[in-house]
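Report on one structure; see the data block that follows.
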Amino acid sequence: QLLLCLSDFQTNGQSYMDRLILSVARLCDWLMIPGQSGDRIVLLFTKILSDYGTHLLSYLGRVAAGGVRLLLDFIVGFLLDKERLGALCRRAGRSLFSPERERKMHRYVRLANKNFGVFFVGKFCDAFLVYLLCALLFRLFRFPYAPLLSLMVGVTALVPFFGPLIGAIPAAVLILI
C-alpha cells in the first residue's frame with residue numbers, strides 16, 4: 001500500500017503543483033500585493049517549480065532511497081559482526097590496559113551499553129507508537145497518502161525533540177495541498 005501511495009503521489013504531482021501555484025496567487029491577492037508585483041511573484045514561483053520541481057522530487061526520492069539502503073546496510077553489518085567487534089575491543093583493552101583498569105573499562109562499557117540499549121529500544125517503541133497512532137488517525141480522517149505520511153512522521157519521531165515537528169510539517173503541507 002505504501003508503494004501505491006508513492007506511485008499515486010508521483011502521478012498526481014503536476015496537479016499538486018498547479019494547486020500550489022493557484023494558492024500562491026490567492027495568497028498574493030489576500031496580502032493585497034499590487035497587480036504586477038503579484039503577477040511577477042506567481043510567474044517566478046511557476047518558473048522555479050517548472051525548472052526545479054521535478055528534478056527536486058526525483059533527487060529527494062533518490063536521496064531517501066540511498067539513506068534507507070545505507071541505514072539498513074549499517075544495521076545489518078553491525079548486527080552480523082557484533083560478536084567479532086566485541087572480541088576485538090576486549091583484546092585491544094587487554095593489550096593496552098592493566099587487568100584492573102581493563103575490568104573497570106569493561107564494567108563502564110557494559111553499563112553504557114545497557115543504558116544506551118534501553119534508550120534506543122524506548123525510542124524505537126515510541127516511534128512505532130507514533131506511527132500506529134498517525135496511521136489510525138490519518139485513516140480515520142481519510143487523509144490522502146495515509147500510510148506514507150504516517151511512516152514519515154514515525155521515522156522522523158526517532159530524532160530527539162524536533163523529530164515529530166520535522167515529520168509533521170511536511171505531512172501537514174501534503175495533506176493541505
Any salt bridge (charged side-chain N to carboxylate O under 4.0 Å, His left out) pairs touching residues 110-135, not counting sequence neighbours? none
Hydrophobic clustering (ILVMFWY, side-chain heavy atoms < 4.5 Å, transitive) - are [Y] and [X] grouped together?
X: Val121; Y: Phe116; result: no
X: Phe119; Y: Phe128; result: no
X: Val155; Y: Phe120; result: no

Atom pairs and distances, side-chain donor-acceptor, residues 161-177, under 3.5 Å, sequence neighbours left out:
none

Check whether any side-chain heavy atom of Leu132 sits under 4.5 Å from a side-chain heavy atom of Leu136, and report yes or no.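 In short, these two side chains do not touch, never coming nearer than 4.5 Å.
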Side-chain atoms of residues 88-108: list all donor-acceptor pairs with protein atoms under 3.5 Å, sequence neighbours left out, distances to 0.1 Å.
from: Ser95; atom 1: OG; to: Arg91; atom 2: O; distance (Å): 3.4
from: Ser95; atom 1: OG; to: Ala92; atom 2: O; distance (Å): 2.9
from: Ser98; atom 1: OG; to: Arg101; atom 2: N; distance (Å): 3.3
from: Glu100; atom 1: OE1; to: Arg103; atom 2: NH2; distance (Å): 3.3

For Ala127 and Gly154, the nearest pair of non-hydrogen atoms, with its separation, is CB-O, 3.3 Å
Please go through Val153's hydrophobic cluster and name the other residues, only I, L, V, M, F, W, Y counting, with side-chain heavy atoms under 4.5 Å joining them.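 Val130, listed by chain and number.
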Taking ring pair (Phe, Tyr, Trp, His ring centres under 6.0 Å) as the definition, give me every residue that meets it alongside Phe138, ordered by chain and number, with sequence neighbours left out. Phe143
Which value, rounded to the nearest 0.5 Å, describes the distance between Phe124 atom CZ and Leu129 atom CG? 13.5 Å
